[in-house]
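Written below as structure tokens is the structure these notes are about.
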Number of protein chains: 2
Amino acid sequence: MYNLLVVDDEPKIREVIKEYADFSGYNVTEAADGMSAIGLCKLNDYDLIIMDIMMPKLDGYSAVKEIKKIKDIPVIMLSARGEEYDKLFGFELGIDDYVVKPFSPKELMARANAILIRKQNASKSQNTVMTFDGLEVNFAARTVSVDGERIDLTPKEYELLFYLIQNKNIALSRDKLLSDIWGYDFFGDDRTIDTHIKNLRNNIGPYRNFIVTLRGVGYKFEYEEK
Amino acid sequence: MYNLLVVDDEPKIREVIKEYADFSGYNVTEAADGMSAIGLCKLNDYDLIIMDIMMPKLDGYSAVKEIKKIKDIPVIMLSARGEEYDKLFGFELGIDDYVVKPFSPKELMARANAILIRKQNASKSQNTVMTFDGLEVNFAARTVSVDGERIDLTPKEYELLFYLIQNKNIALSRDKLLSDIWGYDFFGDDRTIDTHIKNLRNNIGPYRNFIVTLRGVGYKFEYEEK
DNA sequence: CTATTATTTCACCATATGTTCACAAAAGTC
DNA sequence: GACTTTTGTGAACATATGGTGAAATAATAG
């Protein structure tokens with residue numbers, strides 16, 4: 001069951017999409033503006049976002065820009081006929097498709113389906129390698145390289161690093177780290193995390209400051225695409 | 001060196017793709033319509049076709065249909081936004097991916113790469129014999145040689161080795177190994193795997209360290225092409 | 001049925017790893 | 001600056017994990 005996020009300020013549009021998407025077997029969440037879309041994306045996982053460009057509070061482009069910083073979710077943009085949009089800007093943001101209003105729900109769903117199928121196929125053969133400057137992380141192989149040199153990490157260090165990266169640019173509280181990596185039933189010292197962070201930082205040497213301390217909160221893996 | 005066939009009626013598009021593909025180390029042939037694409041495919045071998053849907057003389061779909069009758073070549077379809085997609089749905093024609101215009105050449109190439117790698121891997125596993133330095137494994141014959149010398153393995157050892165190799169460079173948890181090799185209904189001791197790994201390692205002697213222990217996780221067959 | 005081979009279990013051990021803790025260092029607060 | 005709070009760190013200790021040989025069990029062949 002795919003989760004769809006529909007972002008549009010016009011209730012009618014949302015309704016039409018929801019109705020058809022429900023029918024097609026999607027699970028639909030609605031949002032009325034870019035701001036709340038971002039909030040929702042922080043807290044939940046969606047498989048596809050359908051987003052209007054012109055919206056109050058925060059327009060579609062800016063919202064997508066923010067969301068893409070957090071999670072890589074496929075996006076279909078809705079634009080009113082005659083609305084100018086910058087194609088180049090669009091694909092830089094990783095927008096997968098555009099649909100012009102008025103649209104046929106059937107076609108919109110067809111495109112949504114096509115994108116999801118494509119992503120699914122892609123993820124199968126997808127290279128699970130991510131690079132952050134000289135820091136290369138291969139999730140499938142469970143390897144990490146620093147400046148081309150393979151480094152060894154302990155299980156917890158892998159888990160921690162992978163978790164941080166999967167949530168890159170997101171503030172992670174100690175509580176969250178503990179419950180997500182150690183398990184909700186872990187009742188340990190707060191220093192435990194710090195110690196692992198320390199070891200991890202030492203191991204990734206020159207890239208240690210990708211792991212940022214958030215005083216009073218926890219940690220964050222900070223990296224902006226270039 | 002891969003051979004790419006780019007089929008589009010717009011010279012500009014062809015040019016953009018060619019430029020980027022050249023740069024990525026592909027050998028590019030251009031065609032302006034479906035008809036000539038078919039002709040080219042009859043006479044030459046291509047590793048991948050990038051084809052526009054909307055073209056004069058013969059549209060992309062029909063061309064692909066014809067080409068697939070002759071040769072099984074991977075295809076990426078280009079579609080202008082607003083074109084009907086319904087047909088693409090089941091990928092019934094054997095289309096591997098499609099990209100919506102306007103596209104980023106970088107992404108197009110990334111997808112082309114992904115498809116070629118996928119195909120390569122697929123064809124490899126069908127290849128019955130694989131060598132890793134002095135370790136030669138023949139899947140069809142179910143034989144393994146170490147430095148030219150045939151070695152005997154027990155059934156489980158074969159299974160284990162074959163499985164590891166088919167998933168080479170991928171971290172495999174004990175759970176996964178157990179359920180995939182022993183069956184989901186196996187409720188055995190964790191040590192079972194370890195023991196078989198031990199025996200396998202002893203049997204492949206000098207190449208024992210291709211089988212890497214992933215502490216806290218499981219095992220992995222690690223080998224980088226030379 | 002017996003002999004042989006294969007698989008699984010298990011206890012022992014070395015060691016890699018996780019946790020704790022005391023103290024040092026740093027960052028905020030007043 | 002003096003104080004409080006929070007984070008960094010090294011070392012000590014406890015624990016978990018995987019390698020291993022041998023024994024028990026199961027499967028297979030003769």
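Chain letters run A, B, ... following the sequence lines, proteins first, then strands; residues in each count from 1.
Note: CZ (A/Arg208) to P (D/dG8) measures 10 Å, nearest angstrom. Atom-to-atom, CG of A/Leu200 to P of C/dT17 comes out at 14 Å; the value is rounded to the nearest Å. Here the C1' atom of nucleotide C/dT19 and the CG atom of A/Leu160 are 15 Å apart, to the nearest Å. Summarising the geometry, the separation between CZ on A/Phe187 and C1' on C/dG18 is reported as 18 Å, rounded to the nearest angstrom. If you measure from atom CG of B/Leu177 to atom P of C/dT8, you get 13 Å, rounded to the nearest angstrom. Atoms CG (B/Asn209) and P (D/dG19) sit 13 Å apart, rounded to a whole Å. Computed from coordinates, the A/Asp190 CG to D/dT9 C1' distance equals 16 Å when rounded to whole Å. In this structure, CD of B/Glu157 is placed 13 Å from C1' of C/dT8, rounded to the nearest angstrom.
Side chain B/Arg201 to base D/dG19: no donor-acceptor pair is found below 3.5 Å. For C/dT9, the base has a donor-acceptor partner in the side chain of B/Thr195 [N/O atoms by modelled type, under 3.5 angstrom].
The side chain of A/Pro155 approaches C/dG18 more closely than any other nucleotide in the set C/dT9, C/dT19, C/dG18. Side chain of A/Lys156, nearest nucleotide from C/dT7, C/dT19, D/dT7: C/dT19.
Checking B/Thr213 against B/Arg201 by side-chain atom types alone, a donor-acceptor pair falls below 3.5 Å. Between the side chains of A/Tyr207 and A/Asp133, not a single donor N or O lies within less than 3.5 Å of an accepting N or O.
Residue contacts for B/Ile193: at a heavy-atom cut-off of 4.0 Å it reaches no nucleic acid atom on any strand shown. Looking at heavy-atom distances under 4.0 Å, B/Tyr158 makes no contact with the nucleic acid at all. Within the nucleic acid shown, A/Arg174 comes within 4.0 Å of sugar-phosphate atoms alone, with no base atom in reach, counting heavy atoms only. Nucleic acid contact class of B/Lys198 (heavy atoms, under 4.0 Å, all strands): base.
Atom CD of A/Glu10 sits in a crowded spot, with more than 12 heavy atoms from other residues, nucleotides or ligands closer than 6.0 Å. Within a 6.0 Å radius of NZ in B/Lys71, more than 12 heavy atoms belonging to other residues, nucleotides or ligands are found.
Between A/Tyr219 and D/dG8 there is a side-chain N or O to OP1 or OP2 distance below 4.0 Å. Contact annotation: B/His196 does not reach the phosphate of C/dA6 (side-chain N/O to OP1 or OP2, under 4.0 Å). The side chain of B/Trp182 contributes an N or O atom lying less than 4.0 Å from OP1 or OP2 of C/dT8. Using a 4.0 Å cut-off, some side-chain N or O of B/Thr154 falls inside it from OP1 or OP2 of C/dT7. Side-chain nitrogen and oxygen atoms of A/Thr213 include none within less than 4.0 Å of the OP1 or OP2 phosphate oxygen of D/dT6.
Between A/Asn202 and A/Leu214, the residue whose closest nucleotide on DNA chain D is further toward the 5' end is A/Leu214. Each of A/Arg215 and A/Asn199 was assigned the nucleotide of DNA chain C with the nearest heavy atom; the assignment lying further toward the 5' end belongs to A/Asn199.
Here A/Arg14 does not pair with A/Asp9 in a salt bridge; the nearest charged N to carboxylate O distance is not below 4.0 Å.
Only one option out of A/His196, A/Lys156, A/Lys176 pairs with A/Ile181 in a side-chain contact (heavy atoms from CB on, under 4.5 Å); it is A/Lys156.
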